[in-house]
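What you are looking at is a predicted structure, and each value in this text was computed from that prediction instead of being measured.
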Amino acid sequence: MMKLFSSLKVMLGAAPQRPTEYTPEAQAMMEAKRLVKGPEKARQIKAAHAEKHSHKWRNIRWATLIAVNLIFVLSYRFDVQLVEGALTASRVIGFHFADLNSAIQVMLAYKVILINLVIGTGTVLFMWWLLGGRTFCSWTCPYHLLAEIAEKIHLALAKRKMVVDYPLHRGSRTVLYVVFAALAFISGYTVFESISPTGIVSRALIYGPGLAMVWVLGLLAYEIIFIRRMWCRYICPIGLTYGFVGAVSPLRVSYSMENCLHEGDCRKVCLVPHVLDCTKKTYADDIKVAIGSDCTRCGLCIDACPTGSLKYEVKGLNRLL
Amino acid sequence: MTEHDAPPKAAPVLHANTKTRRMVMRSIAMGGAVVGASLFGFFPVLRKWTPRLRPPGAIDETDFLAACIKCGQCVQVCPVKAIELGDLDEGFGVGVPYVPARAQACDFSCDAVQCVLACPTGALSHKISKKEEVRMGLARLDRPNACLARKGEGFKGVARPAPFKGVHRYPEIDRWKPVKLAEYKYDLALCDLCVRECPVPNAITLEPLSGDPADKRRTPVVHQACVGCGMCEMICPTEPASIVIDIRRKWGDA
Ligand code: SF4
Ligand code: SF4
Ligand code: SF4
Ligand code: SF4
């Protein structure tokens with residue numbers, strides 16, 4: 001319970017805290033690690049990095065993301081009626097699906113509880129709860145993929161000292177969440193939807209691009225030049241909504257302290273590095289830690305970790321196996 | 001007590017503070033900019049820059065913009081592709097469906113109102129189940145002097161020549177296959193295209209212009225049954241159309 005609470009707090013913008021208490025196992029392991037010093041430690045790090053790290057999960061995820069969006073596009077283009085609609089709301093072989101955040105916006109603005117929307121959000125709620133965290137973000141959202149590419153460009157330019165990242169306060173997303181909810185309620189319009197790149201890109205893919213793509217390209221340019229991953233990190237309420245939904249879910253990324261060398265390769269690739277704070281020396285209170293609710297389950301850290309200390313895990317399944 | 005319980009060493013305070021302060025200022029600026037950008041959507045809406053003919057069943061305009069989840073399911077089910085989604089210049093209307101009647105009208109050839117059935121949010125009200133119940137707007141003879149019937153002229157050829165892409169599902173040809181207007185030829189002694197192709201019974205009729213039986217001239221008269229689907233506007237062969245839809249106007253409105 002405490003853990004869930006602190007993981008939500010971190011998601012809302014609080015800085016992750018170093019634990020004040022450790023399990024005896026964790027203490028023993030930290031002690032053992034402290035004994036490994038200097039040349040031995042260097043040797044371990046070198047050995048771990050001898051193998052080039054893979055892009056396994058990234059490739060699987062990109063393929064999934066592209067496939068999901070392609071199904072929407074093809075199903076409309078070839079009129080197969082398998083999937084109808086866009087990411088904001090759709091019908092999949094007759095079943096209603098509705099993006100939770102869009103549904104909230106509509107209900108706040110329209111102030112009517114719509115039965116189909118309730119059914120649609122129910123299906124979606126269950127699905128994303130099962131998958132957990134912000135799985136929607138990294139496995140489905142088409143803007144995420146564009147932003148991921150923009151991030152790569154940003155990092156490449158930053159390496160050449162051509163751009164600098166100006167990080168923002170992570171609490172801004174929480175503030176904006178409240179502001180957009182209030183705006184929808186007060187104005188009676190789904191204000192956020194008019195600038196949501198998720199909806200815009202999804203519709204552009206399916207129905208053809210328009211002027212609205214200028215806004216999206218502007219955002220991407222801004223992210224490349226000024227703020228690394230600005231939209232997904234500091235603004236997007238969709239991420240926060242799904243973060244709540246997936247806060248307690250069976251599937252997650254889990255960290256095991258045992259082989260971890262604490263040099264932070266995982267935090268360098270992560271969109272939400274604060275959830276990986278437990279991988280810092282003395283920041284894990286147990287020898288195994290489940291990564292917090294802001295995690296998008298993208299698996300970049302799993303690919304990046306040279307010691308296999310991060311893994312996807314289904315809760316309870318380990319005990320069964 | 002082990003040593004890792006010791007508090008972490010204090011960071012150089014002054015430096016950290018200015019850094020955080022800058023970060024917070026930047027965040028506020030960014031938040032303001034994003035919210036500001038989103039509020040730009042008000043302008044087109046309040047100023048009615050881009051009035052749009054909404055699909056059948058659309059509820060009151062303000063509620064419609066709120067209720068529509070911008071999914072385009074209505075777009076996908078329409079057999080004549082009469083529905084398009086709004087762009088950024090429509091502000092909060094971005095992603096919201098409309099019918100560009102002159103380019104492609106709704107001809108109700110879909111059996112009941114498919115778009116209404118497809119809408120997940122009731123933005124297209126499910127209270128409507130028949131085309132006769134729809135109220136999108138009202139047709140109005142906008143340029144009486146251009147109207148061929150009023151001039152007593154017939155009409156021969158295609159109503160809207162290529163490259164016009166609009167289609168119509170003619171019940172008498174094949175009610176499942178839309179035909180391009182640019183490929184369908186008429187030969188009429190007196191133009192009555194708007195009346196002939198109107199999908200709603202008794203919505204529009206041709207009435208004599210004078211009491212003289214020898215006078216060929218007729219005028220299209222719009223009746224209360226008109227639902228404003230835009231079929232007459234699309235089919236009218238004069239350029240621009242002699243008859244147009246007044247968006248969201250209801251019978252009896254000024
Ligand atoms: S913690 Fe790992 S899986 Fe989660 S968002 Fe970060 S890199 Fe992706
Ligand atoms: S009612 Fe008109 S707009 Fe709606 S699906 Fe049918 S033909 Fe298309
Ligand atoms: S189906 Fe309904 S919610 Fe979806 S775009 Fe059309 S009017 Fe909007
Ligand atoms: S189709 Fe146009 S020109 Fe012909 S009768 Fe109707 S309004 Fe007149």
Non-hydrogen atoms of [X] and [Y] that approach each other most closely:
X	Y	result
A:A212	B:V94	CB-CG2, 4.3 Å
B:Q76	A:I206	NE2-CG2, 3.8 Å
B:P120	A:A89	CG-CB, 4.3 Å
A:A109	B:A66	CB-CB, 3.8 Å
A:H169	B:M23	N-CG, 3.7 Å

Open item on the list: Just by distance, no angles: are the side chains of A:S196 and B:K70 close enough, under 3.5 Å, to form a donor-acceptor pair?
Closed with: no

Task: Criterion side-chain contact (heavy atoms from CB on, under 4.5 Å) on B:F92 and A:V191, from CA distance to verdict - done: CA-CA 6 Å; B:F92 298 145; A:V191 178; 3.9 Å; yes

Task: Distance, nearest 0.5 Å, that separates CD of B:Q73 from OH of A:Y76 - done: 12.5 Å

Open item on the list: Using the rule given for side-chain contact (heavy atoms from CB on, under 4.5 Å), can you reason through B:I59 versus A:Y110, listing the C-alpha separation, both sets of side-chain angles and the distance that settles it, and then say yes or no?
Closed with: CA-CA 11 Å; B:I59 56 179; A:Y110 186 32; 3.4 Å; yes

Quick one: which of [options] has the most heavy-atom pairs under 4.5 Å with chain B, could you say?
options	value
A:S102, A:A103, A:G208	A:S102
A:V106, A:I195, A:L114	A:V106
A:S75, A:S90, A:A184	A:S90

Task: Derivation and outcome, side-chain contact (heavy atoms from CB on, under 4.5 Å), residues A:L117 and B:I69 - done: CA-CA 10 Å; A:L117 216 50; B:I69 201 163; 3.8 Å; yes

Task: Residue B:L65 versus chain A: region with a heavy atom under 4.5 Å - done: both

Task: Portion of B:D63 that has a non-hydrogen atom of chain A nearer than 4.5 angstrom - done: both

Task: Derivation of the side-chain contact (heavy atoms from CB on, under 4.5 Å) call for A:V175 and B:I28 - done: CA-CA 10 Å; A:V175 175; B:I28 293 171; over 6 Å; no

Open item on the list: Quick check for you: among B:L39, B:V24, B:T62, which has the greatest number of heavy-atom pairs under 4.5 Å with chain A?
Closed with: B:T62

Open item on the list: Please classify the contact between A:V83 and chain B as side chain, backbone, both or neither, with a heavy-atom cut-off of under 4.5 Å.
Closed with: backbone

Task: Interface moiety of A:L168 toward chain B, non-hydrogen atoms closer than 4.5 Å - done: both

Open item on the list: Quick check against the 3.5 Å criterion: does A:Y207 have a side-chain atom that pairs as donor or acceptor with the backbone of B:G72?
Closed with: yes

Task: Interface residues of residues 41-56 of chain B facing chain A - non-hydrogen atoms under 4.5 Å apart - done: B:F42, B:V45

